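In this text the structure is predicted, and so the values were computed from the model without any measurement.
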Amino acid sequence: MLGWSPEMFWKATAAEFEMTVEGLSGNVRGGPFISREEVRRIAAEHGVRPSLKGSPKARTIGGELWS
């Protein structure tokens, strides 16, 4: 239905997947995937952590970074 290869599907972010499904269904909200307020709330609740991308031990497994 999406017209994506398996590789493309597994590398897609949740936001990309949601935007694709919205576009295909014709139900485009046009708003952000997550609000800035929600990001702030999550950051306050869980704290700030360094990005995995900057870790020398980070490796790619199935399209996601793990350390």
Side-chain angles (χ1 to χ4, degrees):
M1 179 177 166
L2 298 178
W4 291 359
S5 68
E7 180 183 11
M8 183 182 291
F9 174 82
W10 290 111
K11 286 185 176 183
T13 65
E16 292 167 332
F17 180 76
E18 183 177 14
M19 288 186 291
T20 301
V21 171
E22 286 178 358
L24 289 171
S25 69
N27 185 23
V28 179
R29 292 184 299 157
F33 176 70
I34 185 170
S35 71
R36 290 178 188 256
E37 292 77 26
E38 184 70 5
V39 171
R40 286 186 195 106
R41 185 194 66 73
I42 293 168
E45 185 177 321
H46 297 283
V48 177
R49 298 186 179 138
S51 171
L52 288 175
K53 293 179 181 179
S55 172
K57 294 182 180 180
R59 54 195 169 100
T60 303
I61 300 174
E64 296 183 28
L65 283 174
W66 297 84
S67 63

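Shown here are the side chain to side chain contact (heavy atoms under 4.5 Å, CB included) partners of S25, two or more places apart in sequence or in another chain: N27. Qualifying salt bridge (charged side-chain N to carboxylate O under 4.0 Å, His left out) partners for E38, counting only residues two or more places apart in sequence or in other chains: R41. In terms of the side chain to side chain contact (heavy atoms under 4.5 Å, CB included) criterion, residue partners of F9 (sequence neighbours excluded) are, by chain and number, L2, W4, F17. Under the side chain to side chain contact (heavy atoms under 4.5 Å, CB included) criterion, V39 pairs with I34, sequence neighbours left out. Applying the side chain to side chain donor-acceptor pair (under 3.5 Å) rule to T13 yields the partners E16; only residues at least two apart in sequence or on another chain are considered.
With hydrophobic clusters built from ILVMFWY side chains whose heavy atoms lie under 4.5 angstrom apart, M8 shares a cluster with W10.
Atom CD of E7 has 12 or fewer heavy atoms from other residues, nucleotides or ligands within 6.0 Å.
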